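Only one structure is covered here, and it is reproduced in the block below.
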Protein chains: 2
Amino acid sequence: MGYWSYPGTMTASSSTPSAPSTASSPADTDWLRLDRQICFSLHAASRAFNGVYRVILKDLGLTYPQYLVMLVLWEYGDVPVKTLGEHLRLDSGTLSPLVKRLEAAGLVRRERSARDERSVQVRLTEEGAALRERALRVPRRIMGATGFDLAEITDLRERLDQLTTALDAAALTEAEREAAAEREAG
Amino acid sequence: MGYWSYPGTMTASSSTPSAPSTASSPADTDWLRLDRQICFSLHAASRAFNGVYRVILKDLGLTYPQYLVMLVLWEYGDVPVKTLGEHLRLDSGTLSPLVKRLEAAGLVRRERSARDERSVQVRLTEEGAALRERALRVPRRIMGATGFDLAEITDLRERLDQLTTALDAAALTEAEREAAAEREAG
DNA sequence: CACAATTCAGTTGTGCACAATTAAATGGGC
DNA sequence: GCCCATTTAATTGTGCACAACTGAATTGTG
């Protein structure tokens with residue numbers, strides 16, 4: 001089946017309940033149906049994952065993004081905010097308040113680097129380091145919640161990483177197309 | 001490979017840069033490493049997808065969740081807020097302000113149902129219905145951005161839906177476990 | 001009919017994501 | 001030494017996600 005094959009060939013037999021007043025060709029409708037299904041699936045999966053982590057992380061007192069930050073700290077030790085952002089692809093607008101909440105919870109300290117006053121080092125406290133012990137059982141529960149085995153999880157992860165790489169590259173070219181169109185107009 | 005096989009067998013050869021001061025067994029570290037990779041991958045993919053939609057939807061004046069709502073309206077016609085929430089798995093706390101923004105943009109009207117005064121019907125305006133024409137080219141650009149062909153996209157979608165179903169079910173059992181533990185303590 | 005339970009939208013509060021901006025610190029070129 | 005681009009956090013503002021709650025409307029049951 002070709003790259004741009006007509007999606008109607010896959011959904012033509014499906015029922016289209018209560019068509020809207022703005023009727024149009026099945027081809028158009030199916031493209032939008034397909035798009036709705038794809039982007040909704042990823043969106044829903046992301047939120048479902050978030051929901052399970054929310055439940056499981058509740059007794060650690062962490063949110064899902066906070067858990068991500070703690071994972072980086074447990075793995076790499078004390079790092080500057082900048083490095084956290086590189087590992088997690090988050091900017092300071094997200095990380096600054098998040099890390100402050102972790103500090104308020106007593107899990108980390110924030111210290112200006114003496115060597116470079118612009119940099120803020122995020123350091124685990126005793127309590128933050130100790131929390132790692134309780135976090136060790138989280139991955140097993142998560143994997144159990146997915147119903148996937150390790151091979152399936154790993155395969156899915158590789159596809160998602162591949163997708164992310166492609167999307168990041170495409171976002172740049174799309175942004176460039178945008179800029180080109182703007183130059184055209186301006 | 002067994003369900004709970006030791007992840008160290010996959011990552012034992014990988015370098016563990018600058019181990020933190022709280023050293024522990026490789027097994028523990030690898031579980032947390034794996035978890036970081038999996039949950040981060042999904043999180044990153046979701047945000048990358050969101051980012052591409054953000055760029056592509058910009059000239060339609062829609063955000064990604066707003067686009068999801070419009071897709072439902074274009075496909076099913078006028079629906080109550082409740083139905084929107086069922087299609088998109090979003091609650092009123094998210095949908096109420098979102099739909100109001102769509103109304104402020106002139107794309108929809110919100111009307112109390114005469115039959116059931118509790119229900120709010122969301123209706124496309126002329127402008128909202130017309131926007132569909134410009135949205136038709138979105139799916140093709142998105143699919144191009146992913147670098148995946150239709151079969152791969154469909155396969156990924158099925159896996160994600162399967163994952164979502166499992167996670168939703170697990171969230172309930174985890175919440176039930178939580179409640180049971182609470183009954184034990186209380 | 002009366003009353004309790006349910007349904008539905010809305011509001012409030014917390015937290016995340018990200019664009020845009022600000023401000024301080026740094027380092028290179030002159 | 002002095003300017004200037006760059007780097008780094010922080011701040012502000014907008015929008016989404018969701019829990020908890022409110023309040024009105026409806027429905028079921030006696």
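All values reported here derive from a predicted model rather than from experimental measurement. Each chain gets a letter, A, B and so on, in the order the sequences are listed, and its residues count up from 1.
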* Flag the pair B:Arg137 and B:Asp59 as a salt bridge only when some basic side-chain nitrogen lies within less than 4.0 angstrom of an acidic carboxylate oxygen. => yes
* Asked: Roughly how many Å is it from NZ in A:Lys58 to P in C:dG15, rounded to a whole number?
  -> 15 Å
* Looking across every strand, which nucleic acid part, if any, lies under 4.0 Å from B:Pro97 by heavy atom: base, sugar-phosphate, or nothing? -> nothing
* Taking atom P of C:dG15 as reference, at what distance in whole Å does atom CG of A:Leu57 sit? -> 15 Å
* Any-strand Watson-Crick or G-U partner of D:dG13, both distances under 3.5 Å -> C:dC18
* Structure fact -> Of B:Val81 and A:Gly93, the one whose nearest nucleotide on DNA chain C sits closer to the 5' end is B:Val81
* Structure fact -> Atom OH of A:Tyr53 and atom C1' of D:dA17 are separated, to the nearest Å, by 18 Å
* Which listed nucleotide (D:dT8, C:dA17, C:dA9) is nearest to the side chain of B:Arg47? -> C:dA17
* Asked: Whole-Å distance between C:dT11 C1' and B:Leu98 CG?
  -> 16 Å
* Asked: What about A:Ser92: does its side chain form a donor-acceptor pair under 3.5 Å with the base of D:dA10?
  -> yes
* Which nucleotide in C:dA9, C:dG15, D:dC18 has an atom nearest any side-chain atom of A:Thr63 -> C:dG15
* Going 5' to 3' through nucleotides 22-28 of chain C, assign each nucleotide B (protein heavy atom under 4.0 Å from a base atom), S (under 4.0 Å only from sugar-phosphate atoms) or - (no protein heavy atom that close). => --BBS--
* **Closest listed nucleotide, where the reference is the side chain of B:Arg54 and the choices are C:dA9, D:dC18, C:dC18** => C:dC18
* **Length of the line joining A:Glu103:CD and D:dA9:P, which is rounded to integer Å** => 15 Å
* Asked: Which is true for A:Thr94 with a 4.0 Å heavy-atom rule: it touches a base, it touches only sugar-phosphate, or it touches nothing?
  -> base
* To do: Map A:Lys100 and A:Gly51 onto DNA chain D by nearest heavy atom, then report which one ends up closer to the 5' terminus.
  => A:Lys100
* To the nearest Å, how far apart are A:Lys82 NZ and D:dA10 P? -> 14 Å
* Asked: With sugar-phosphate meaning primed atoms plus P, OP1 and OP2, does A:Leu95 contact a base, only sugar-phosphate, or nothing at under 4.0 Å between heavy atoms?
  -> nothing
* Asked: Rounded to the nearest Å, what distance is computed from the NE2 atom of residue B:His43 to the P atom of nucleotide D:dA17?
  -> 13 Å
* Name the closest nucleotide to the B:Leu90 side chain, picking from C:dT11, D:dG15, D:dA17. => D:dA17
* To do: Let me know the distance between OH of A:Tyr64 and C1' of C:dA17, rounded to the nearest Å.
  => 14 Å
* side-chain hydrogen bond (donor to acceptor under 3.5 Å, both in side chains) with A:Ser46: which residues, sequence neighbours excluded? -> B:Ser46
* Asked: Looking at the side chain of A:Asp91, which of C:dC18, C:dT11, D:dA9 is the nearest nucleotide?
  -> C:dC18
* To do: Give the minimum heavy-atom separation between A:Met143 and A:Thr146, together with the two atoms involved.
  => O-OG1, 2.6 Å
* Structure fact -> Sequence neighbours excluded, the answer for side-chain hydrogen bond (donor to acceptor under 3.5 Å, both in side chains) partners of B:Arg157 is B:Asp161
* Candidate pair B:Leu60 and B:Leu131, rule side chain to side chain contact (heavy atoms under 4.5 Å, CB included), full reasoning -> CA-CA 8 Å; B:Leu60 297 189; B:Leu131 190 65; 4.1 Å; yes
* salt_bridge(A:Glu111, A:Arg123) N-O dist < 4.0 Å -> yes
* Could you pull out the closest heavy-atom pair between B:Gly106 and B:Thr125, with the gap in Å? => O-OG1, 2.6 Å
* Report the nucleotide, chosen from C:dG10, D:dG15, D:dA10, that has the shortest atom-to-atom distance to any side-chain atom of A:Arg110. => D:dA10
* Asked: Between A:Phe40 and B:Tyr64, which heavy-atom pair has the shortest distance, and what is it?
  -> N-OH, 4.4 Å
